[in-house]
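Here's the structure we're looking at; comments come further down.
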Amino acid sequence: MKEFNAGDVLSLCKRRGFIYPAYEIYGGIAGLYDYGPLGTQMKTNLINLWRSIYVLSEGFIEIDSDIIGPEIVFKASGHAENFQDLMVTCNQCQESFRADHLAKDLHPNPGALSKKDLQALLREKNVICPLCKGDLSDVEEFNLMFKTKIGPGNGRVGYLRPETAQGIFVNYPNLYRYAREQLPFGAVQIGRAYRNEISPRQGVIRLREFNQMEAELFIDPANKSWPRFKLIRDVKVRLVPNTDEKEVEMTFGEAVDNGVIKHETIAYFVWVTQSFLIRAGVDPKRLRFRQHLRSEMAHYAADCWDAEALLSYGWTEIVGVADRGAWDLTRHIQYSQADLSAFKRFDHPKEVERQAFKPKYGLLGPEFKARSAKVGMALEAADVSLLKDGRVEIDVDGEMMTIPEKYFDVVLVKEKINGEKVIPHVIEPSHGLDRIMFTCLEHAYSCDDENYVRMGLTTAAAPIKVGVFPLMAKDDLDKRAMEIDQMLRERGIATYFDDSGTIGRRYARMDEVGTPLCITVDYQVFEDGTVTIRDRDTSRQVRVPEEGLADVVEKLLKGIKFDQLIGKV
RNA sequence: GCAGGUGUAAUCUAGUGGUCAGGAUUUUAGCCUUCCAAGCUAAUUACCCGGGUUCGAAUCCCGGCACCUGCACCA
């Protein structure tokens, strides 16, 4: 086994059609990559695997929302604020600073200043580099969202989404209704997102246009247990808690019992993530879950665990599982005025007695004419504590009105309360598809001393499942192999037919792109109707009757071990 | 964005201010070949882009772009 680095893997990816640098004939653009034929197929395979877990097994609903969104969505989400930092750089030591942080003592609210004003303020007060006392650059805007205009002329300001999650949050009322108004329910979205990164690096690890698979699970804030958690209590996981930042292995049950992971729901989806990644082809020995440090956790997050894979770049975040609390929905409630709550029905309705205003509609009518109904409704909704000096001040359609007590009585009312409105909390497993894909490729890559490259992709991820070869392209062997190839493709199995050059070269070609199985039709087929199936990882072969071949192949692809098969055939 | 390094074919690379560049792998066609990158013959493909210096630049200089490393950024 030879040492290798990400460059070797990227070379192979380009050579064999997994990943190409985008716009290469024009010199390329940093942070943009295209998927080639094999890459696209593999990406589709990973998506289908993920979808089968979230949509089929866990019952999430899937949507596909717009990439372009109006400015207000990203004001609500916080991205407009957090993506547009004003920065200055020290001309001497090259350190970068948030411009508003440097102006903290010079202005009551520097965060609210425009770029121009902040620039003027810093210049006027002769602010210099706090580290080395060097001169500072002009104030520069770092806008990490791609801005665009919606419509002709001045249009409306729009942005390309920096994450797919917001499309789910803004559809919350529709999805809540679709889920028949019951918690918990979850929604997923798979799609592209855009961040105008300052410095894209490390191949496809930091991209300006990337693919996300995000799930948003809406749960009752008062109940973060998870029924299916008991099924996975005894599964082990490697954790790096933020308390001492040391890696420990424990079961999910222990992690929750000891408070390492905050609650069952987060823990369960860390498990879902772990099992997905391993089935996708991430090496379990190079996978761990690291808890965000307090300082790196978003202020609204209750807990957050990143799946990290060990790549030649170092430990790299590939999935984040966060408890975002009620933050997103609360923000969208503020900005949109929409009702993004869930109605939590009590097991037994509560009888409540309370004091309330009872409007005298007979008097309200002549006095307030057309507005009397609205005044009455406002009175009914108002709290009796507002009553002062024989009058009450209430808000009617945004206008404050003073209503003397001759227009109402104060009475004791009995109310039956069936439940309460709550803003659901959100558990978000967010997957960087491109990073996961690259991790699968790098973890699958092996190269021996003879420079023989073998990609140990899992059967789920492999873009080609079976290579089909005639031992020689003559004597009807090729015809026979072609029939097998077509039969397998009709069964929905992705094959690759190859009759060129020597058989060894064809095996090598398939090994290099991670094809798990190869079928070779040799002369024995004319004697007993059998062909050989070759296992990529061991190069071993078994003879299998042509009849029933597809069933055997399907079993192998589903995970039956090659060894078990040898006994069976 | 800053600093340093790099840029020759699909991939890995040799090379020099002076015959429009050599090798290996790959690919394609043919010969050969009864199971793991065999051999033979032939073919296709490259000096990142733009400007400058020079009689002459792939080579030296400047600018751009891309990649690598470090810094910064990473909601």
Side-chain angles (χ1 to χ4, degrees), chain A residues 5-8 10-17 20-33 36 74 77-85 87-98 131 137-138 140-142 144-145 162-163 165-166 195-203 205-206 292 296-301 304 306 312-313 316-317 320 322 324 327-328 430 432 448 450-454 467 469-475 477 500-512 518-526 531-536 538-541 543:
Chain A
N5 58 41
D8 298 327
L10 278 174
S11 281
L12 177 123
C13 285
K14 186 181 174 195
R15 191 157 42 84
R16 300 312 306 266
Y20 306 128
Y23 308 107
E24 205 181 4
I25 63 169
Y26 289 106
I29 300 280
L32 300 181
Y33 283 84
F74 303 107
S77 71
H79 290 103
E81 208 179 302
N82 292 314
F83 263 66
Q84 296 190 31
D85 292 342
M87 308 286 295
V88 289
T89 308
C90 172
N91 292 330
Q92 193 169 301
C93 69
Q94 310 304 339
E95 197 76 19
S96 289
F97 306 96
R98 288 265 302 260
L131 294 181
S137 71
D138 287 347
E140 281 165 6
E141 204 168 56
F142 281 142
L144 263 56
M145 276 197 296
E163 60 174 16
Q166 297 308 321
R195 299 179 190 186
N196 204 355
E197 294 289 349
I198 296 167
S199 173
R201 277 291 170 76
Q202 301 174 319
I205 296 303
R206 178 167 303 178
H292 273 203
E296 91 191 288
M297 225 182 276
H299 62 276
Y300 51 81
C304 185
D306 283 346
S312 50
Y313 302 118
T316 305
E317 175 195 345
R324 299 174 66 113
W327 197 82
D328 301 281
S430 170
D448 69 13
E450 275 86 50
N451 282 325
Y452 192 93
V453 173
R454 179 179 279 120
F469 319 137
L471 186 60
M472 299 289 173
K474 62 180 187 188
D475 300 333
L477 288 173
S500 74
T502 62
I503 193 75
R505 177 175 299 259
R506 285 176 267 163
Y507 287 143
R509 217 180 263 134
M510 287 293 101
D511 285 346
E512 202 182 28
C518 290
I519 291 170
T520 301
V521 180
D522 61 6
Y523 287 95
Q524 200 172 323
V525 77
F526 300 123
V531 298
T532 65
I533 301 184
R534 169 188 179 270
D535 173 53
R536 174 196 62 204
T538 59
S539 299
R540 292 195 323 177
Q541 290 179 298
R543 298 207 69 90

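Keep in mind that what you see is a predicted model, and the values were worked out from it rather than measured. Letters go in sequence order (proteins before strands), and every chain restarts at 1.
- At a cut-off of 3.5 Å, with distance as the only test, a side-chain donor of Tyr507(A) or Thr520(A) sits close to an acceptor on the other residue.
- Separation of the P atoms belonging to U11(B) and C48(B) is 13 Å when rounded to the nearest angstrom.
- Here the separation of G18(B) from U59(B), taken at their P atoms, is 12 Å to the nearest Å.
- U8(B) and A66(B): their C1' atoms are spaced 15 Å apart (whole Å).
- Across the protein-nucleic acid pair, Glu163(A) atom CD and A75(B) atom C1' stand 9 Å apart, rounded to whole Å.
- Comparing atom distances between the Tyr33(A) side chain and each of U11(B), C67(B), A38(B) picks out C67(B) as nearest.
- Listed nucleotides: A75(B), C36(B), U34(B). Nearest to the side chain of Met472(A): U34(B).
- The side chain of Arg509(A) sits closest to U27(B) out of U27(B), C35(B), U33(B).
- For Asn5(A) and C12(B), the CG to P distance is 11 Å, given to the nearest whole Å.
- Base pairing of C2(B) is made with G70(B), judged by Watson-Crick or G-U wobble geometry with both donor-acceptor distances under 3.5 Å.
- For A42(B), the paired base is U28(B) (Watson-Crick or G-U wobble, both distances below 3.5 Å).
- Distance from the side chain of Glu512(A) is smallest to A37(B) among A37(B), C68(B), U11(B).
- For Arg536(A), there are no salt bridge (Lys or Arg N to Asp or Glu O under 4.0 Å) partners two or more places apart in sequence or in a different chain.
- The Gln202(A) side chain lies nearest to U69(B) when the options are U69(B), U28(B), C35(B).
- Phosphate proximity of U33(B) to Arg505(A): absent, as no side-chain N or O sits under 4.0 Å from OP1 or OP2.
- Summarising the geometry, the separation between CZ on Arg195(A) and P on C74(B) is reported as 12 Å, rounded to the nearest angstrom.
- As judged by a 4.0 angstrom heavy-atom cut-off over every strand, Thr532(A) is placed among the base-contacting residues.
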Which side-chain N or O atoms in residues 21-28 of chain A pair as donor and acceptor under 3.5 Å with protein atoms at least two apart or in another chain?
{"unit_1": "Glu24(A)", "atom_1": "OE2", "unit_2": "Lys14(A)", "atom_2": "NZ", "d": "2.5"}

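- With a cut-off of 3.5 Å on both Watson-Crick or G-U wobble distances, the partner of A57(B) is given as none.
- Annotation: side chain of Arg16(A) is in contact with side chain of Arg509(A) (closest heavy-atom distance under 4.5 Å).
- Map His292(A) and Glu450(A) each onto its nearest nucleotide of RNA chain B; the residue landing nearer the 5' end is Glu450(A).
- Atom CZ in Arg16(A) sits about 10 Å away from atom C1' in U27(B), given to the nearest Å.
- Nucleotides U45(B) and U27(B), compared at atom C1', are 10 Å apart to the nearest Å.
- Separating the CD atom of Glu24(A) from the C1' atom of A10(B) is a distance of 9 Å, rounded to the nearest angstrom.
- Nearest to the side-chain atoms of Ser11(A) among the listed nucleotides U11(B), C35(B), U27(B) stands U11(B).
- Counting heavy atoms from C-beta on, the side chains of Arg534(A) and Met510(A) never come closer than 4.5 Å.
- Across C2(B) and C73(B), the matching C1' atoms stand 12 Å from one another, rounded to whole Å.
- Put simply, the residue from Ile503(A), Val525(A), Val531(A) that forms a side chain to side chain contact (heavy atoms under 4.5 Å, CB included) with Leu471(A) is Ile503(A).
- In this structure, Asp511(A) pairs ionically with Arg454(A), as a charged nitrogen and a carboxylate oxygen lie closer than 4.0 Å.
- Contact annotation for Thr520(A): base contact, defined as any heavy-atom pair under 4.0 Å involving a base atom.
- Across all strands shown, Arg206(A) has heavy atoms under 4.0 Å from base atoms, whether or not it also approaches the sugar-phosphate.
- Between the side chain of Tyr26(A) and the base of C65(B) there is no donor-acceptor pair of N/O atoms closer than 3.5 Å.
- Going from atom CZ of Arg15(A) over to atom C1' of A24(B) covers 13 Å, rounded to whole Å.
- Side-chain contact check for Pro470(A) versus Arg506(A): some heavy-atom pair is nearer than 4.5 Å.
- Searching all strands for a Watson-Crick or G-U wobble partner of G17(B) with both distances below 3.5 Å returns nothing.
- Ranking C36(B), A75(B), C67(B) by closeness to the Ala30(A) side chain, first place goes to C67(B).
- One atom, CG of Leu10(A), and another, P of C12(B), lie 10 Å apart when rounded to the nearest Å.
- Contact annotation for Phe469(A): no contact, since no heavy-atom pair falls under 4.0 Å across all strands.
- Spacing between atom CD1 of Ile25(A) and atom P of C49(B) amounts to 13 Å, rounded to whole angstrom units.
- Contacts of Gly203(A) with the nucleic acid, taken as non-hydrogen atoms under 4.0 Å apart, involve only primed sugar atoms and P, OP1 or OP2.
- Residue Val525(A) is classed as having no contact, given no heavy-atom separation below 4.0 Å to the nucleic acid.
- Taking atom P in both A29(B) and U53(B), one finds a spacing of 49 Å when rounded to whole Å.
- Ranking C36(B), U69(B), C67(B) by closeness to the Tyr507(A) side chain, first place goes to C36(B).
- Residue Tyr452(A) has its side chain nearest to A37(B) when only A37(B), C36(B), A75(B) are considered.
- Here the nucleotide nearest the side chain of Lys14(A), chosen from U27(B), U11(B), C35(B), is U11(B).
- Distance check on atom P: G51(B) versus G15(B) gives 29 Å, rounded to whole Å.
- On a pure distance criterion of 3.5 Å, a polar donor-acceptor pair joins the side chain of Arg534(A) and the base of C36(B).
- Taking the P atoms as reference points, A14(B) lies 9 Å from G7(B), given to the whole Å.
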